[in-house]
Amino acid sequence: MTRYMIAALTLGLLASAANADPAEKLPPDAKIVKLEAHPARIELETPFEYSQLLLTGHLASGEQLDVTRLAKIDAPAQLARVNATGVVRPVADGSGVLKVSLQGQTLALPIEVKGQKDKVNVSFVRDVMPTMSRMGCNAGTCHGAQKGRNGFKLSLRGYDPLFDHRSLTDDLKGRRFNRAAPDTSLMLLKCTGTVAHVGGVLTQPGEPYYELLRSWIADGVKLDLNSPRVQSIAVLPTSAVISLPGMKQQIAVRATYTDGSTRDVSVEAFLESSNTEVATVDRAGTVTAVRRGETTILARYEGAYAAAVLVIMGDRKGYQWQ
């Protein structure tokens, strides 16, 4: 087992204890008659790949509601781990079934994990840039500022990969990287808090972001400007109805690349609500309804944008159709 697999298994055991927010509950009169999952099958082919599950409960009344954080999700511990918001990450190669249950309804999702022991060719454009964006490295409040921060500057939101690669590898004689001993690279020492970092602790050894950056450094900090770029992104669900304020909806984002390939980018995508008085959205992609109304959830990832419409119905007790 690699140290990444060991860390993944440990985190998986912790996450499997309870994958639902204890403060979130089903409406008192909700009777679920069917469960539905997207995707219906999970395939993970690298240690850094993941899948955001979206679980929908169909009610006897004909309504639907998001139960991603409420359903009990049992993943084979030797294959994968699932966090509180339904993100499935690999642990080791194999195949099995991920079981979902809620209110007596059950669902079985085939899961296949492979490539966990294979060498991963981490792409600077496709993998490293989105990771740095998610950690906030190239944000306008950090090194993406007009003059950078503390002598280190990156392009705002990573719009210029060539500039960023040169800043990381050539600036100050490349002192930010140690190809021979990747763990001693200043970039990793900074983001783990081992060396003082104004931006704080962003990742730790064993976590996906750390291991991805470490792998790129160990492989020679290569620049691949010909790597397929993001062509478009899609937000799921494309439209959703939330019955009452306080209820939640999980959001997933998938990217399509110029070579036709697709992948889940829900964790790295940036989400915003067009009307925070109607609904808010957190870093985990969970939307919380605030009051009755309509809003748009805007997703941004590597220069591509997409949106989904969200409607909060509000309390309709006593309503009768005329």
Side-chain angles (χ1 to χ4, degrees), residues 2 4 45-50 115 118-192 194-195 197 199 202-203 205 207-233 253 255-265 267-270 300-305:
T2 65
Y4 175 75
E45 299 183 352
T46 76
F48 308 118
E49 194 172 357
Y50 59 84
D118 297 343
K119 176 179 172 55
V120 179
N121 294 318
V122 176
S123 163
F124 181 74
V125 171
R126 183 166 170 158
D127 301 314
V128 175
M129 294 288 286
T131 296
M132 292 196 301
S133 293
R134 181 71 272 184
M135 292 196 300
C137 305
N138 54 29
T141 54
C142 197
H143 299 293
Q146 183 178 8
K147 295 183 180 180
R149 282 287 184 274
N150 296 329
F152 179 40
K153 177 175 172 54
L154 295 170
S155 63
L156 180 61
R157 295 181 177 178
Y159 72 87
D160 190 342
L162 178 58
F163 176 86
D164 289 351
H165 187 270
R166 286 176 175 173
S167 295
L168 289 165
T169 60
D170 294 343
D171 188 32
L172 298 177
K173 298 182 180 180
R175 73 186 183 97
R176 295 184 176 91
F177 294 95
N178 187 336
R179 298 167 179 82
D183 294 294
T184 64
S185 298
L186 182 61
M187 179 182 181
L188 294 179
L189 295 177
K190 284 273 190 178
C191 65
T192 57
T194 306
V195 171
H197 182 220
L202 304 174
T203 186
E207 294 180 351
Y209 286 166
Y210 181 95
E211 297 301 328
L212 185 146
L213 295 174
R214 184 188 185 281
S215 179
W216 176 66
I217 296 170
D219 200 33
V221 294
K222 297 175 182 177
L223 174 62
D224 53 342
L225 292 178
N226 294 324
S227 174
R229 302 295 182 93
V230 177
Q231 186 174 54
S232 63
I233 60 173
V253 182
T256 298
Y257 290 80
T258 50
D259 63 351
S261 63
T262 64
R263 73 170 175 177
D264 197 318
V265 296
V267 177
E268 287 76 41
F270 292 83
R300 169 176 62 85
Y301 179 77
E302 292 298 284
Y305 292 83

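All figures in this text were calculated on a predicted structure; none of them were measured in a lab.
Across every non-hydrogen atom of Ser133 and Asn138, the tightest pair is OG-ND2, 2.9 Å. The shortest non-hydrogen separation linking Glu302 to Val125 is OE1-O, 4.0 Å. Scanning both residues, Gly140 and Leu156, for their nearest heavy atoms gives N-CD1, 3.5 Å. Minimum interatomic distance between Ser123 and Ser227 (heavy atoms only, all atoms of both residues): OG-OG, 3.4 Å. Annotation for Ile217 and Ser185: closest pair CG2-OG, 3.6 Å, computed over non-hydrogen atoms. Between Pro182 and Arg214, the shortest heavy-atom distance links the atoms CB-CG, 3.8 Å.
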Can you list the steps and then say if Met135 with Leu213 is a side-chain contact (heavy atoms from CB on, under 4.5 Å)? CA-CA 12 Å; Met135 292 196 300; Leu213 295 174; 3.7 Å; yes

Please report the C-alpha distance between Tyr209 and Leu202 in whole Å, then the side-chain angles of each, then the deciding distance to 0.1 Å, and finally whether the side-chain contact (heavy atoms from CB on, under 4.5 Å) criterion is met. CA-CA 9 Å; Tyr209 286 166; Leu202 304 174; over 6 Å; no

Applying side-chain contact (heavy atoms from CB on, under 4.5 Å), run through Val221 and Trp216 and close with a yes or a no. CA-CA 5 Å; Val221 294; Trp216 176 66; 3.8 Å; yes

Stepwise side-chain contact (heavy atoms from CB on, under 4.5 Å) test for Met132 and Leu168: CA-CA 12 Å; Met132 292 196 301; Leu168 289 165; 3.9 Å; yes

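Looking at Pro47 and Val120, their side chains come closer than 4.5 Å, going by heavy atoms from C-beta outward. The closest side-chain heavy-atom distance from Asp183 to Tyr210 is below 4.5 Å. Using a 4.5 Å heavy-atom threshold, the side chains of Cys137 and Leu154 count as touching.
Cation-pi contact between Arg263 and Tyr50: absent, since separation from the ring centre below 6.0 Å together with deviation from the ring axis within 45° is not met. For Arg176 and Phe152, the positive end sits near the middle of the six-membered ring, less than 6.0 Å away and at most 45° from its axis. For the pair Arg126 and Tyr257, the distance from NZ or CZ to the six-membered ring centre is under 6.0 Å and the angle to the ring normal is within 45 degrees.
For Asp219, the salt bridge (Lys or Arg N to Asp or Glu O under 4.0 Å) partners two or more places apart in sequence, or in a different chain, are Lys119, Lys222. Checked against ring-ring contact (aromatic ring centres under 6.0 Å, His included), Tyr301 has no partners two or more places apart in sequence or in another chain. Checked against side chain to side chain contact (heavy atoms under 4.5 Å, CB included), Ala180 has the following partners two or more places apart in sequence or in another chain: Asn178.
Here the CD atom belonging to Glu211 is positioned 9.0 Å from the CG atom belonging to Leu188, to the nearest 0.5 angstrom. Going from atom OG1 of Thr169 over to atom CZ of Phe124 covers 8.0 Å, rounded to the nearest 0.5 Å. How far CZ of Arg300 is from CD1 of Ile233: 9.5 Å, rounded to the nearest 0.5 Å. Taken to the nearest 0.5 Å, the CE atom of Met187 stands 5.0 Å off from the CZ atom of Phe177.
A 6.0 Å sphere centred on CG of Asp259 holds more than 12 heavy atoms belonging to other residues, nucleotides or ligands. In this structure, Arg157 places its CZ atom where only 12 or fewer heavy-atom neighbours from other residues, nucleotides or ligands lie under 6.0 Å away.
Using a distance-only test at 3.5 Å, with no hydrogens or angles considered, no donor-acceptor pair links the side chain of Thr256 to the main chain of Gln231. Judged by distance alone, with hydrogens and angles left aside, the side-chain atoms of Asp164 form a donor-acceptor pair with the main-chain N or O of Ser155 at under 3.5 Å. Panel note: side chain Glu207, backbone Thr203; no donor-acceptor pair is recorded below 3.5 Å.
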